[in-house]
Amino acid sequence: MKKLTVVAILLLLSTGCGYHTAGKAVKIPTDVHTIAIPTFVNATQSYRIEQILTAAVVKELTSRTNYRVVNSSSPEADATLHGTVVSTQIYGLTYDPTNGRQSSAEVVVSARVSLVDRNGKSLFDNPNYYFREQYEFSLDPSTFFREESPAVDRLSQDFARTLVSAILENY
């Protein structure tokens, strides 16, 4: 009987191993219920990049959290997420050896993002937020499709998912 009791105690002690599910620590204070997300500032020549990134962040935040999101700075907002698209660049990655034309490229977006509460206290800040997405060109002119816009859409989804995770989780 003693052996059985010792085994039961050891079993109970071994179940509390100290590991916890990741992604449960929230950085945002509990008194924040409404987050304002004004359209990001576009400091580049890229058409509508700020709108695409802002929309992706709003969609990600509303789908993953219970925060009320408003689209402009407002006195009713408990916190405001500011973003500035600092640069966008497209780099050629590979070239077709038969004709020398570009066959793949990479779009790189750099942004500054910060979340501040209504008193101006910084809750999250990242002045060097970089994201990149690769895409390929069709080598056949009859099936040519401009792939840059879908690449920017994919990049914006990754940007939003990573940003919301960084804000919400304690990493």
Residues forming a side-chain hydrogen bond (donor to acceptor under 3.5 Å, both in side chains) with [X], sequence neighbours excluded:
{"X": "Gln45", "result": "none"}
{"X": "Arg154", "result": "Glu133, Glu147"}
{"X": "Glu60", "result": "Arg64"}

With distance as the sole test, does [X] use its side chain to make a donor-acceptor pair with the main-chain N or O of [Y] at under 3.5 Å?
{"X": "Ser156", "Y": "Asp153", "result": "yes"}
{"X": "Asp117", "Y": "Asn119", "result": "yes"}
{"X": "Thr84", "Y": "Arg112", "result": "no"}
{"X": "Asp158", "Y": "Thr162", "result": "no"}
{"X": "Thr54", "Y": "Phe40", "result": "yes"}

Looking at every non-hydrogen atom in both residues, tell me the closest pair between [X] and [Y] and how far apart they are.
{"X": "Val116", "Y": "Ser122", "result": "CG1-CA, 4.1 Å"}
{"X": "Arg48", "Y": "Asn42", "result": "N-ND2, 4.4 Å"}
{"X": "Pro127", "Y": "Asp125", "result": "CD-OD2, 4.0 Å"}
{"X": "Val113", "Y": "Gly83", "result": "CG1-CA, 4.1 Å"}
{"X": "Tyr95", "Y": "Gln102", "result": "CD2-CA, 3.5 Å"}
{"X": "Thr80", "Y": "Pro38", "result": "CG2-CD, 3.7 Å"}

Spatial distance of atom [atom1] ([X]) from atom [atom2] ([Y]) [nearest 0.5 Å]:
{"X": "Ser114", "Y": "Tyr129", "atom1": "OG", "atom2": "OH", "answer": "12.5 Å"}
{"X": "Glu136", "Y": "Leu93", "atom1": "CD", "atom2": "CG", "answer": "9.5 Å"}
{"X": "Thr44", "Y": "Ile49", "atom1": "OG1", "atom2": "CD1", "answer": "7.0 Å"}

Please examine the side chains of [Y] and [X], heavy atoms only from C-beta on, and report whether any two atoms are closer than 4.5 Å.
{"X": "Thr88", "Y": "Val152", "result": "no"}
{"X": "Asn128", "Y": "Asn126", "result": "yes"}
{"X": "Tyr67", "Y": "Leu168", "result": "yes"}
{"X": "Ile28", "Y": "Thr65", "result": "no"}
{"X": "Asn71", "Y": "Val58", "result": "no"}
{"X": "Asp78", "Y": "Asp31", "result": "no"}

Consider only side-chain heavy atoms of I, L, V, M, F, W and Y, link residues closer than 4.5 Å, and tell whether [X] and [Y] are in one cluster.
{"X": "Leu115", "Y": "Val32", "value": "yes"}
{"X": "Leu81", "Y": "Val41", "value": "no"}
{"X": "Ile90", "Y": "Tyr130", "value": "no"}

| Full working for side-chain contact (heavy atoms from CB on, under 4.5 Å) between Leu155 and Tyr135 | CA-CA 11 Å; Leu155 179 140; Tyr135 59 97; over 6 Å; no
| field | Residue pair Val109, Leu53: steps toward the side-chain contact (heavy atoms from CB on, under 4.5 Å) verdict | value | CA-CA 10 Å; Val109 173; Leu53 291 175; 4.0 Å; yes
| task | Show your working on side-chain contact (heavy atoms from CB on, under 4.5 Å) between Phe159 and Val57 and close with a plain yes or no. | result | CA-CA 8 Å; Phe159 175 93; Val57 171; 3.8 Å; yes
| What do you reckon, is CZ of Arg118 surrounded by more than 12 foreign heavy atoms closer than 6.0 Å? | yes
